[in-house]
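Written below as structure tokens is the structure these notes are about.
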Amino acid sequence: MKLLSISDVVSQASQNDKELLFGQFLDDFYYEKETEKKYTLIKDEPAYLPGEDVFMCMLAAAAHKLANDYGLEIPDWVMKSQYFLEEKHYAFETENQEYRAYLEKTTPEEYKMRNLMLGDTVLQRC
């Protein structure tokens, strides 16, 4: 069984729901026990989806955070300028100021630095 890499999420997005593919990537990443194989799931830069800036930044932030959490080398591609948003993006596009403050307080740094305010559960699976 081939595990789904972060670049596969994008290459298969035209045939499948990209959020479901991202969830499958996370499941595969968490399931994999070997450090080297975990790294192979995040090392390759995905093709950039035009008009999907937030999603692409989310992929870079996820790869960055997972690398830090698992002591893996941070892939160079995650630091490219195209993976940083100019304006803050909040989970669910919320306008609620209290929720925005909570998201800003709890979002992991790898997301915050990209202006993605998604909270501390962004990479959790059920």
Side-chain angles (χ1 to χ4, degrees):
M1 175 180 94
K2 182 184 181 306
L3 300 177
L4 195 72
S5 73
I6 208 157
S7 64
D8 293 334
V9 170
V10 172
S11 67
Q12 296 180 23
S14 64
Q15 309 96 275
N16 298 289
D17 181 270
K18 64 185 185 299
E19 282 83 13
L20 288 176
L21 288 168
F22 180 70
Q24 183 62 55
F25 154 74
L26 284 178
D27 290 345
D28 288 352
F29 183 91
Y30 292 139
Y31 178 78
E32 179 54 56
K33 300 296 182 229
E34 293 182 39
T35 301
E36 286 180 32
K37 288 184 181 176
K38 279 187 182 297
Y39 180 70
T40 65
L41 298 178
I42 63 169
K43 71 178 177 68
D44 294 328
E45 181 175 9
Y48 203 88
L49 290 173
E52 295 284 350
D53 296 345
V54 170
F55 184 71
M56 297 308 298
C57 289
M58 288 171 63
L59 293 180
H64 192 175
K65 174 84 170 115
L66 291 169
N68 282 338
D69 287 355
Y70 288 86
L72 306 173
E73 180 181 341
I74 297 168
D76 291 338
W77 68 267
V78 305
M79 301 308 282
K80 290 182 177 179
S81 62
Q82 65 196 29
Y83 299 111
F84 292 81
L85 298 172
E86 289 186 21
E87 296 183 17
K88 289 182 181 176
H89 174 83
Y90 291 90
F92 313 112
E93 297 182 12
T94 186
E95 298 289 330
N96 180 295
Q97 294 305 312
E98 289 176 6
Y99 188 48
R100 281 183 169 202
Y102 169 79
L103 290 171
E104 288 190 25
K105 181 178 178 183
T106 62
T107 294
E109 189 56 39
E110 296 87 351
Y111 285 79
K112 248 188 238 187
M113 67 191 286
R114 291 176 172 81
N115 276 328
L116 288 168
M117 304 304 151
L118 303 177
D120 57 356
T121 60
V122 67
L123 291 176
Q124 289 183 358
R125 299 291 288 156
C126 295

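Note: hydrogens, waters and symmetry copies are ignored here, and every other heavy atom, side chains too, is used.
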Which heavy atom of [X] sits nearest a heavy atom of [Y], and at what distance?
{"X": "Pro46", "Y": "Met56", "result": "CG-CE, 4.0 Å"}
{"X": "Arg125", "Y": "Asp27", "result": "NE-OD1, 2.7 Å"}
{"X": "Leu118", "Y": "Thr107", "result": "N-OG1, 3.0 Å"}
{"X": "Ala67", "Y": "Pro75", "result": "CB-CD, 4.3 Å"}

If we only count heavy atoms from C-beta on, is the [X] to [Y] side-chain gap below 4.5 Å?
{"X": "Leu26", "Y": "Leu123", "result": "yes"}
{"X": "Leu66", "Y": "Leu72", "result": "no"}
{"X": "Asn68", "Y": "Glu109", "result": "no"}
{"X": "Met117", "Y": "Lys112", "result": "yes"}
{"X": "Val78", "Y": "Glu110", "result": "no"}

(Q) Can you confirm whether more than 12 heavy atoms, excluding those of Asp17, are under 6.0 Å from its CG atom? (A)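 Yes, because the 6.0 Å sphere around CG of Asp17 holds more than 12 heavy atoms from other groups.
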Q. Within a reach of under 6.0 Å around CD of Gln15, are more than 12 heavy atoms found that belong to other residues, nucleotides or ligands?
A.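 Atom CD in Gln15 is crowded, with more than 12 foreign heavy atoms closer than 6.0 Å.
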For [Y], is there any backbone N or O sitting under 3.5 Å from a side-chain donor or acceptor partner on [X]?
{"X": "Asp120", "Y": "Thr106", "result": "no"}
{"X": "Ser7", "Y": "Glu45", "result": "no"}
{"X": "Lys18", "Y": "Val9", "result": "no"}
{"X": "Lys38", "Y": "Phe29", "result": "yes"}

Within this structure, what is the [atom1]-[atom2] distance for the pair [X] and [Y], rounded to the nearest 0.5 Å?
{"X": "His64", "Y": "Asp69", "atom1": "NE2", "atom2": "CG", "answer": "10.0 Å"}
{"X": "Arg114", "Y": "Asp53", "atom1": "CZ", "atom2": "CG", "answer": "13.5 Å"}
{"X": "Thr35", "Y": "Glu73", "atom1": "OG1", "atom2": "CD", "answer": "13.0 Å"}
{"X": "Leu116", "Y": "Cys57", "atom1": "CG", "atom2": "SG", "answer": "5.5 Å"}
{"X": "Leu59", "Y": "Ile42", "atom1": "CG", "atom2": "CD1", "answer": "12.0 Å"}
{"X": "Asp8", "Y": "Lys2", "atom1": "CG", "atom2": "NZ", "answer": "3.5 Å"}

Q.
Between Met113 and Met79, is the side-chain contact (heavy atoms from CB on, under 4.5 Å) condition met? List the steps.
A. CA-CA 10 Å; Met113 67 191 286; Met79 301 308 282; 3.7 Å; yes
Q: Taking ring pair (Phe, Tyr, Trp, His ring centres under 6.0 Å) as the test, write out the residues that go with Phe22, two or more places apart.
A: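 Testing Phe22 for ring pair (Phe, Tyr, Trp, His ring centres under 6.0 Å), a comparison that skips the adjacent residues, returns Phe25.
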Q | With Tyr48 via ring pair (Phe, Tyr, Trp, His ring centres under 6.0 Å) - residues at least two apart | A | Tyr83
Q.
Starting from Tyr99, can I reach Val122 by hopping between I/L/V/M/F/W/Y residues whose side chains sit under 4.5 Å apart?
A.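 No, Val122 and Tyr99 fall in different hydrophobic clusters.
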(Q) Count I, L, V, M, F, W, Y as connected when their side-chain heavy atoms are under 4.5 Å apart, and connections chain through other members. Are Trp77 and Val54 then in the same cluster? (A) yes
(Q) Is it the case that the side chains of Tyr90 and Glu104 hold a donor-acceptor pair, with the cut-off being a distance below 3.5 Å and no angle test? (A) yes
(Q) Under 4.0 Å between a side-chain nitrogen and a carboxylate oxygen: does that hold for Glu95 and Arg100? (A)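 Looking at Arg100 together with Glu95, the answer is yes, because their closest N to O distance falls below 4.0 Å.
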(Q) Let's go through Thr94 and Tyr102 carefully: what are the C-alpha distance in whole Å and the side-chain angles of both, what is the deciding distance for side-chain contact (heavy atoms from CB on, under 4.5 Å) to 0.1 Å, and is it a yes or a no? (A) CA-CA 11 Å; Thr94 186; Tyr102 169 79; over 6 Å; no
Q: Kindly indicate, with the supporting measurements, whether the criterion side-chain contact (heavy atoms from CB on, under 4.5 Å) is fulfilled by Gln12 and Leu4.
A: CA-CA 10 Å; Gln12 296 180 23; Leu4 195 72; 3.5 Å; yes
